[in-house]
Protein chains: 2
Amino acid sequence: MMRHLLVCGVVGGVAIALLQWSQYRFLVIDHSVEIYGALVAAICSAFGIWLGLKLTRRRPVEVREILVPAAAPFVRNQERVGKLGITPREMEILELVAAGLSNREIAERLFVSENTVKTHCSRVFGKLGAERRTQAVQIAKETGILP
Amino acid sequence: MMRHLLVCGVVGGVAIALLQWSQYRFLVIDHSVEIYGALVAAICSAFGIWLGLKLTRRRPVEVREILVPAAAPFVRNQERVGKLGITPREMEILELVAAGLSNREIAERLFVSENTVKTHCSRVFGKLGAERRTQAVQIAKETGILP
DNA sequence: GGTGTCGTCATTCTTTCGGATGATTTTGGG
DNA sequence: CCCAAAATCATCCGAAAGAATGACGACACC
């Protein structure tokens, strides 16, 4: 703001100097005061309008981020999956376990024997440090490898 | 905008008129041109600044709200809990089941016998239409009675 | 060709879970 | 005070889950 006032004053001074200078430089005609006054008024008004527009433009938009409950799309933490050494097949079994299926149902859905499912379960339980399927599911969700 | 220009012109005209009028009204002194020019410049600049501020104030802030996904704080769907007839104690057991605890651990934590825990489990499983604890947890989360 | 990983399957055994049922105690409201 | 709901505990039994172990074939990699 102070800078704008300074600029305004400087411009005004220059305008005055121009006026005085031109008074001796050109023909002095009647009503010259009105003409010069109008000139100064026009210039300063234009400057004021420009200043107003500039001030308006100085804060264009304020972007306000609003936290809204939204279902964040789940992305599996593949890094930790790899770090734990969980194979794709084991992930598949783990997902079905989390879905609430029994070993038999999982075996039927994947066209393998129930013993195979139990083997996979045991392995993934060991890798997750779980002793029960519910615990395995809980740990998996906390770790970010299950939604 | 047009109105502002009109106001500007009128003010300029009035200023000129004032200038001319005062020229015959008061003493004509030397350097009066500078003084009047400065006056006009000051008035018009003030007007311009006022105009700028007014324009600035006309649209104070343009707020653009952006929806950002946030972790929605879990609120239990008490309506469905009541509709299913799940008692507070059963909810407590269900939460511990979802946390991955075994019946024995739940019994120890709640200072009740394992049989009691099993009874509560059976009841809540029946109310949820589940046959296994993993399935019960899954259904509870889908229904909104567990986070 | 040897090695390692992955997926598969089996057997045995123990633990846990879940269903069914009955009984007792506590508690809150009419 | 009485009733109903809730919470507690028990017993029996079958099903499911889980641990431990061994084995076999497919496949990739060096």
Side-chain angles (χ1 to χ4, degrees), chain A residues 76-143 145-146, chain B residues 76-143 145-146:
Chain A
R76 186 179 334 272
N77 193 334
Q78 284 294 349
E79 183 196 350
R80 273 183 250 193
V81 172
K83 197 171 295 179
L84 290 172
I86 298 179
T87 69
R89 194 59 159 176
E90 286 165 355
M91 272 305 312
E92 208 171 351
I93 268 84
L94 184 56
E95 286 169 356
L96 296 178
V97 167
L101 275 65
S102 71
N103 288 343
R104 180 161 302 171
E105 289 168 340
I106 297 175
E108 287 172 358
R109 181 170 300 197
L110 297 183
F111 305 106
V112 296
S113 84
E114 192 178 339
N115 289 310
T116 304
V117 175
K118 288 171 75 174
T119 305
H120 284 311
C121 280
S122 289
R123 282 206 228 282
V124 82
F125 291 171
K127 289 170 183 174
L128 285 175
E131 296 171 352
R132 285 165 291 283
R133 37 180 57 216
T134 49
Q135 194 180 1
V137 170
Q138 175 66 10
I139 294 175
K141 299 205 176 196
E142 285 174 355
T143 318
I145 66 182
L146 271 187
Chain B
R76 168 160 299 132
N77 192 334
Q78 284 294 351
E79 184 196 349
R80 274 183 249 195
V81 173
K83 197 171 295 177
L84 290 171
I86 298 179
T87 70
R89 194 58 159 176
E90 286 165 355
M91 271 306 311
E92 209 171 349
I93 267 84
L94 185 56
E95 285 169 357
L96 296 178
V97 166
L101 276 66
S102 72
N103 289 342
R104 179 161 303 169
E105 289 167 340
I106 297 175
E108 286 171 359
R109 179 169 303 197
L110 297 184
F111 305 105
V112 295
S113 83
E114 193 179 338
N115 290 311
T116 304
V117 176
K118 288 173 72 176
T119 304
H120 285 310
C121 278
S122 289
R123 282 207 226 283
V124 81
F125 291 171
K127 289 170 183 173
L128 285 175
E131 297 171 350
R132 285 166 291 285
R133 35 179 60 215
T134 49
Q135 194 180 0
V137 171
Q138 174 66 10
I139 294 175
K141 300 207 177 194
E142 286 174 355
T143 316
I145 66 181
L146 272 187

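For the numbers below, each heavy atom of this structure counts, side chains included, while hydrogens, waters and symmetry mates do not. Computed from a predicted structure; not experimentally measured. Within every chain, numbering begins at 1; the chains are lettered A, B, ... in the order of the sequence lines, protein sequences first and strands thereafter.
Between A/Ser122 and the phosphate of D/dA19, there is a side-chain N or O to OP1/OP2 separation shorter than 4.0 Å. Applying the 4.0 Å criterion to OP1 and OP2 of D/dA10, one finds that B/Asn115 has a side-chain N or O inside that range. Phosphate proximity of D/dT8 to B/Arg89: present, with a side-chain N or O under 4.0 Å from OP1 or OP2. Using a 4.0 Å cut-off, no side-chain N or O of A/Thr119 falls inside it from OP1 or OP2 of C/dA10. One finds a side-chain N or O of A/Ser113 lying less than 4.0 angstrom from the OP1 or OP2 phosphate oxygen of C/dA10. OP1 or OP2 of C/dT8 has at least one side-chain nitrogen or oxygen of A/His120 nearer than 4.0 Å.
No donor-acceptor pair closer than 3.5 Å links the side chain of B/Glu108 to the backbone N or O of B/Glu105. In this structure, the side chain of B/Gln138 does not engage the main chain of B/Thr134 through any donor-acceptor pair within 3.5 Å. A donor-acceptor pair under 3.5 Å is absent between the side-chain atoms of A/Lys118 and the main chain of A/Asn103, judged by distance alone. Between the side chain of B/Arg133 and the backbone N or O of B/Val97, no donor-acceptor pair lies under 3.5 Å. Checked by atom type and distance alone, the side chain of B/Arg132 pairs as donor or acceptor with a backbone atom of A/Gly100 at under 3.5 Å.
Counting to the nearest Å, the P atom of D/dA15 and the CZ atom of B/Phe125 are 19 Å from each other. At whole-Å resolution of the value, CZ in A/Arg104 and C1' in D/dA17 are 11 Å apart. Between the CD1 atom of B/Ile86 and the P atom of D/dA5 there is a distance of 17 Å, given to the nearest Å. Distance CD (B/Glu108) to P (D/dC9): 13 Å, rounded to an integer number of Å. At whole-Å resolution of the value, CD in A/Glu114 and C1' in D/dG18 are 12 Å apart. Rounded to a whole Å, the CD atom of A/Glu105 is 13 Å from the C1' atom of D/dA17. Separating the NZ atom of A/Lys118 from the C1' atom of D/dA16 is a distance of 8 Å, rounded to the nearest angstrom. One atom, CG of A/Leu96, and another, P of D/dA17, lie 13 Å apart when rounded to the nearest Å.
Remark: the A/Arg123 side chain and the C/dT8 base include a donor-acceptor N/O pair separated by less than 3.5 Å.
For the residue pair B/Thr116/B/Thr119, the side-chain donor-acceptor check at 3.5 Å is not satisfied.
Which of C/dT16, C/dC9, C/dC6 sits closest to the side chain of A/Val112 comes down to C/dC9. Of the listed nucleotides (C/dC17, D/dT11, D/dA17), D/dA17 has the atom at the smallest distance from the side chain of B/Arg132. With distances taken from any side-chain atom of A/Arg133 to the nucleotides C/dT8, C/dC17, D/dA17, the minimum falls on D/dA17.
Nucleic acid contact class of A/Asn103 (heavy atoms, under 4.0 Å, all strands): sugar-phosphate only. Heavy atoms of A/Glu131 sit under 4.0 angstrom from primed sugar atoms or phosphate atoms, though from no base atom.
The residue among B/Gly126 and A/Thr116 whose nearest nucleotide of DNA chain C lies closer to the 5′ end is A/Thr116. Position along DNA chain D of the nearest nucleotide to B/Thr87 versus A/Ala130 favours B/Thr87 as the more 5'-ward residue.
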